Amino acid sequence: MRFQILHESRGRVRLRAMQRTMSMRDADLLEAWILALPGVDQVTVHERICGVTILFTGEQDMLYSALSRFSYEEAGEEVHVLSPHSREINRAYKEKLVFQVLRHYGKKLFLPAPVRAVINTVSALPRLWLAAKTLLRGKLTVEVLDGVAIGASLLTGDFSTAGSVRFLLSLGETLDDWTRKKSVDDLARSMSLQVDKVWQLTDDGTQVLVPLSQIQTGDRIVVHTGHVLPLDGILEQGDVMLNQASLTGESVPVAKHPGAAVYAGSVVEEGSCVLHVTHAAGENRYDRIVRMIEESERLKSGTEDRAYRLADKLVPWCLGGSALTWLLTGNTTRAVSVLMVDFSCALKLSMPLSVLSAMREAGRHKITVKGGKYMELLSKADTVIFDKAACLEEHFPHSVANAVVRAARERGLDHREMHSEVEYVVAHGIASRIGNERAVIGSRHFVFEDEGVSILPEDQPRFDALEPDCSWLYLAIGGRLSAAIGIHDPLRPEAKEIVSLLHEAGIQKVVMLTGDNRGTAAAIAEKLNIDAWRAEVLPEDKAAFIRAELEAGRKVVMIGDGINDAPALSLADVGVAIGSGASIAREVADITIAAEDLRELVLLRTLSQKLMGRIDRNYRFVMGFNGALIVLGAVGVLGPATSALLHDGSTLLLSMDCMTPLI
């Protein structure tokens with residue numbers, strides 16, 4: 001496909017796709033494909049004019065070279081486009097807004113006053129009925145304020161004001177709804193653009209690692225311990241224990257046997273299985289993420305929750321203020337002007353929008369946050385606990401396992417899979433069979449104590465000479481030690497800086513928990529200026545340590561990446577999982593960060609603190625500005641329509657400000 005360069009500058013280029021028309025599906029596919037290119041930060045595709053705007057940090061020539069090879073057919077196989085489309089949402093709401101404006105002003109321009117009065121009265125009936133139903137349920141909410149304001153205008157014969165108020169309310173609701181849906185859609189997309197891969201089972205029984213987008217209905221995939229089921233399907237082989245917390249809220253694992261229907265988002269805690277796919281990658285995945293985001297709005301921060309309760313408590317005061325204004329002045333217009341202003345709209349819209357915007361901003365930094373509650377807890381945290389994990393094998397994603405596999409590949413070792421089904425022992429190691437012999441690999445405790453492995457006399461001197469500063473994995477076949485693999489953990493370049501920055505950001509205590517030996521742990525802790533550390537810990541030890549910290553009144557953040565970290569991640573105030581770690585760790589964690597750079601932790605801390613600052617600032621603005629509108633309406637400076645316009649306008653402007661970047 002060809003593109004015409006319209007404008008280019010450093011890090012930004014504007015193009016035109018050389019095609020006559022572009023469907024919304026084409027635009028979404030092109031946008032997703034370009035965004036997946038290395039070095040591309042942001043893409044905007046305008047389907048009406050076939051325009052493309054790209055912000056990037058990579059090489060411009062490489063970008064152009066990739067674009068020259070683009071085709072919709074190949075892109076459809078490489079990337080996954082979510083539904084519903086964001087641009088469909090935008091188009092629908094734009095058309096709705098245009099229709100509302102044309103209808104309102106067309107009525108004013110072309111219809112006589114008596115006809116307008118009838119239309120305004122009939123149009124007001126739904127709001128009057130909603131207000132009446134709300135009152136009958138014993139509630140005083142913003143719907144009651146709106147109904148009383150419109151009803152008072154109609155009773156006094158001011159049909160024009162009633163129509164204008166209803167129009168402004170409808171316009172504001174449309175804009176509010178559009179803003180919220182667009183924010184949720186943007187966030188869902190930012191959380192879903194990662195390219196997932198699955199083990200596909202071919203007809204000859206071979207397992208092949210393929211992109212999720214290539215899996216179709218009827219295909220079979222293999223899901224191992226610790227991984228999330230990526231698709232809906234029927235269990236074809238294997239007995240497994242599934243954690244369905246993301247679907248049902250119940251964290252107790254459920255046994256599933258062949259023939260059972262299972263759903264995307266469940267985590268395989270024990271066993272492995274072959275899944276017959278019934279729904280290919282598509283709406284089920286998007287919908288699950290959207291449900292998670294909408295569910296996260298229930299996880300409001302304490303500041304948000306207080307603002308919500310205050311907004312509801314202020315409704316009777318607004319009604320009382322309006323009644324008092326009428327009693328003192330006898331002026332219905334002034335009383336209606338007071339009714340036009342409520343605190344609920346701004347508070348109940350700006351607070352969740354601030355959270356959604358912060359979550360989306362975190363997503364741009366490859367950080368996934370599951371609710372505003374965790375952002376507030378993170379902003380108040382005083383203890384951060386790091387894990388150094390020790391689970392192995394390439395089927396169980398982990399940095400140590402990846403290092404072993406990579407070293408084997410670099411040394412030209414034959415890596416064909418000769419073993420049978422893998423048994424994973426949490427926090428210890430793995431076991432399998434090679435031929436008729438049991439093969440195990442893992443920690444010293446697992447191999448020598450649990451498995452009873454012995455060392456041949458001729459190997460004892462070499463075993464005794466193993467360096468104490470390394471973390472050692474022991475491989476045994478047939479009950480005899482066959483190999484020892486020394487793992488030297490080079491410190492991340494930014495590790496010491498991160499500990500220092502966390503202290504500067506108000507974290508009082510940085511702790512390291514590890515399954516490594518004490519010598520390795522002590523050396524690392526000293527190099528990084530760690531405040532406290534524990535070595536040779538098991539999963540239950542980590543959970544016990546966190547429980548003790550919580551009982552001491554500390555706000556604890558736990559960072560882990562292994563299956564053995566899941567209990568600790570669940571117990572902490574905020575559980576943070578490393579993106580490249582085990583799927584179950586990401587599933588139970590409250591926040592997931594990418595593995596490339598731990599500076600994301602500091603960025604996340606800063607983002608959470610600025611979010612809470614924005615929420616507090618919005619709260620003060622809403623109270624001050626709307627309070628001023630009420631006073632001005634009561635003294636007759638502002639009429640009902642003007643009060644409604646200023647109130648709705650300030651709410652929308654505040655909402656737009658809530659969607660601006662925090663960092």
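Note that the structure is a prediction, hence the values are computed from the model and not measured.
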Side chain proximity check, [X] to [Y], heavy atoms < 4.5 angstrom:
| X | Y | result |
| --- | --- | --- |
| I507 | V557 | no |
| W472 | L466 | yes |
| E361 | K610 | no |
| S500 | E504 | yes |
| E451 | R438 | yes |
| T660 | D657 | yes |
| L502 | F386 | yes |
| V384 | V511 | no |

Output all residues satisfying side chain to side chain contact (heavy atoms under 4.5 Å, CB included) with [X], sequence neighbours left out; order by chain, then residue number.
| X | answer |
| --- | --- |
| A505 | R605 |
| S608 | M375, L378, S379 |
| E549 | T383, K509, F545, R554, V556 |
| K256 | L235, V240, L242, Q244, V254, A260, V262 |

Which pair of heavy atoms, one from [X] and one from [Y], lies closest together, and at what distance?
| X | Y | value |
| --- | --- | --- |
| E600 | I367 | O-CD1, 3.8 Å |
| V510 | H503 | CG2-NE2, 3.7 Å |
| G238 | P258 | O-CD, 3.6 Å |
| A362 | L607 | CB-CD2, 3.7 Å |
| S354 | C658 | OG-SG, 3.2 Å |
| V574 | D590 | CA-OD2, 3.4 Å |

Would you give the length of the straight line joining atom [atom1] of [X] to atom [atom2] of [Y], rounded to the nearest 0.5 angstrom?
| X | Y | atom1 | atom2 | result |
| --- | --- | --- | --- | --- |
| Y474 | I485 | OH | CD1 | 11.0 Å |
| K542 | L569 | NZ | CG | 8.5 Å |
| D541 | I546 | CG | CD1 | 11.5 Å |
| K373 | D573 | NZ | CG | 8.5 Å |
| Q207 | I221 | CD | CD1 | 11.0 Å |

Of all residues at least two apart in sequence or in a different chain, which pass the side chain to side chain donor-acceptor pair (under 3.5 Å) check with Q237?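 Listed in chain order: nothing, the list is empty.
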Between V198 and L209, is the side-chain contact (heavy atoms from CB on, under 4.5 Å) condition met? List the steps. CA-CA 6 Å; V198 296; L209 193 63; 5.9 Å; no
Kindly determine whether V576 and I593 satisfy side-chain contact (heavy atoms from CB on, under 4.5 Å), including the steps that lead there. CA-CA 7 Å; V576 180; I593 64 174; 3.9 Å; yes
If the test is side-chain contact (heavy atoms from CB on, under 4.5 Å), which one of T278, V277, V223 qualifies with L231?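 Only match with L231 under side-chain contact (heavy atoms from CB on, under 4.5 Å): V277.
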With R220, which residues qualify under salt bridge (Lys or Arg N to Asp or Glu O under 4.0 Å), at least two apart?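 Salt bridge (Lys or Arg N to Asp or Glu O under 4.0 Å) list for R220, sorted by chain: E236.
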